[in-house]
Amino acid sequence: MLRTFSYACTVLYRRFTHYTSNRLHQLGLSFGTLFFLIYVGKHPGCTQSELTTDLRMDWGHSQRTVLKLVESGFLNREKDGRAYRLTLSDKGRRAFEASHQVFFDWDEEALSNLTPEERTQLMTLLFKAMGRGPLPDLPE
């Protein structure tokens with residue numbers, strides 16, 4: 001087997017995608033909508049342009065996904081001048097909470113064979129490799 005960082009990232013990404021897709025399917029969502037829903041949940045009233053730019057998405061893909069989420073009842077889209085403001089519907093808020101939780105649940109499952117010290121060390125090194133500063137202090 002390959003022992004490269006890129007291989008490990010790819011395997012973990014595929015596992016996360018599979019795990020998350022199964023959980024989101026129960027809500028009527030797909031993996032491709034996950035970050036859109038979380039972004040709007042964390043930035044209520046954002047414009048589609050802000051969402052597209054911040055998520056580094058293609059405009060066409062973003063447009064189709066937002067419309068799908070609006071039509072499915074997860075997002076509200078209201079005209080505000082020349083832009084549309086996005087907010088979560090009640091259904092969207094429930095899906096946001098479940099979508100947000102999936103990250104923590106998968107971490108627990110994926111890292112269950114590591115000690116708390118090893119988890120901290122792994123996260124510190126990953127954030128360093130990502131070019132981010134030290135990990136913030138998190139409650140235990």
Side-chain angles (χ1 to χ4, degrees):
M1 266 303 140
L2 296 174
R3 291 187 179 254
T4 64
F5 176 68
S6 56
Y7 176 76
C9 288
T10 302
V11 169
L12 290 172
Y13 175 76
R14 288 177 140 182
R15 289 179 184 173
F16 177 70
T17 302
H18 179 73
Y19 177 86
T20 305
S21 294
N22 288 339
R23 293 273 301 268
L24 294 177
H25 182 71
Q26 298 169 9
L27 302 169
L29 293 168
S30 66
F31 183 78
T33 61
L34 175 67
F35 292 99
F36 288 85
L37 196 65
I38 289 176
Y39 185 89
V40 174
K42 291 184 175 267
H43 303 91
C46 66
T47 66
Q48 188 167 336
S49 178
E50 293 165 345
L51 177 144
T52 302
T53 301
D54 289 351
L55 292 180
R56 294 180 176 90
M57 294 287 177
D58 170 73
W59 179 256
H61 173 70
S62 176
Q63 178 75 10
R64 288 186 302 277
T65 303
V66 166
L67 288 175
K68 180 180 176 183
L69 289 169
V70 169
E71 290 168 0
S72 301
F74 291 100
L75 292 183
N76 298 316
R77 185 175 170 227
E78 295 184 26
K79 187 89 166 147
D80 181 21
R82 293 176 51 158
Y84 285 97
R85 297 279 172 190
L86 303 171
T87 56
L88 296 175
S89 65
D90 289 338
K91 181 179 179 181
R93 274 189 281 288
R94 289 189 300 274
F96 167 76
E97 290 170 12
S99 297
H100 201 262
Q101 186 61 41
V102 81
F103 284 88
F104 298 102
D105 294 346
W106 189 77
D107 281 6
E108 270 309 307
E109 186 175 303
L111 303 177
S112 63
N113 61 340
L114 299 179
T115 66
E117 294 79 20
E118 289 171 330
R119 288 181 186 200
T120 299
Q121 182 181 18
L122 173 65
M123 295 306 296
T124 299
L125 292 171
L126 285 173
F127 270 69
K128 187 174 183 179
M130 291 169 35
R132 303 231 175 136
L135 283 175
D137 289 330
L138 300 173
E140 305 220 3

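Small disclaimer: the values here were computed from a predicted structure and weren't measured.
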Would you indicate whether the side-chain heavy atoms of [Y] and [X] approach each other to under 4.5 Å?
| X | Y | result |
| --- | --- | --- |
| F5 | L126 | yes |
| F103 | I38 | yes |
| S99 | L24 | yes |
| N22 | H18 | yes |
| K68 | F74 | no |
| E71 | R77 | no |

Starting from the C-alpha separation in whole Å, work towards a yes-or-no answer on side-chain contact (heavy atoms from CB on, under 4.5 Å) for V70 and N76. CA-CA 6 Å; V70 169; N76 298 316; over 6 Å; no

Are T4 and S6 close enough that a side-chain donor and a side-chain acceptor fall under 3.5 Å?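 Judged by distance alone, the side chains do pair up.
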
Side chains of Y19 and R23: is there a donor and an acceptor less than 3.5 Å apart?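 Present: a donor and an acceptor within the cut-off.
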
Verify same cluster id: [X], [Y] (apolar side-chain graph, 4.5 Å):
| X | Y | value |
| --- | --- | --- |
| L37 | Y84 | no |
| M57 | Y13 | yes |
| F16 | L12 | yes |

What pairs with Y39 under side-chain hydrogen bond (donor to acceptor under 3.5 Å, both in side chains), at least two apart in sequence or on another chain?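 For Y39, the residues satisfying side-chain hydrogen bond (donor to acceptor under 3.5 Å, both in side chains) (neighbours in sequence not counted) are D54.
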
Polar side-chain atom of R93 near backbone of L88 as donor-acceptor pair, under 3.5 Å: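 Indeed, once roles are kept as given, a pair shorter than 3.5 Å links the two residues.
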
Looking only at heavy atoms, what is the nearest atom pair of [X] and [Y], with distance?
| X | Y | answer |
| --- | --- | --- |
| W59 | S49 | CZ3-CA, 3.9 Å |
| F31 | S21 | CB-OG, 3.4 Å |
| S89 | L75 | OG-N, 4.2 Å |
| L86 | L51 | CD1-CD1, 4.2 Å |

Presence of salt bridge, E108 and R119, under 4.0 angstrom: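 So R119 pairs with E108 through a salt bridge.
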
side-chain contact (heavy atoms from CB on, under 4.5 Å) between Q121 and L125, intermediate numbers included: CA-CA 6 Å; Q121 182 181 18; L125 292 171; 4.1 Å; yes

Would you say [X] has more than 12 foreign heavy atoms packed within less than 6.0 Å of its [atom1]?
| X | atom1 | value |
| --- | --- | --- |
| H25 | NE2 | no |
| Q63 | CD | yes |
| K42 | NZ | no |

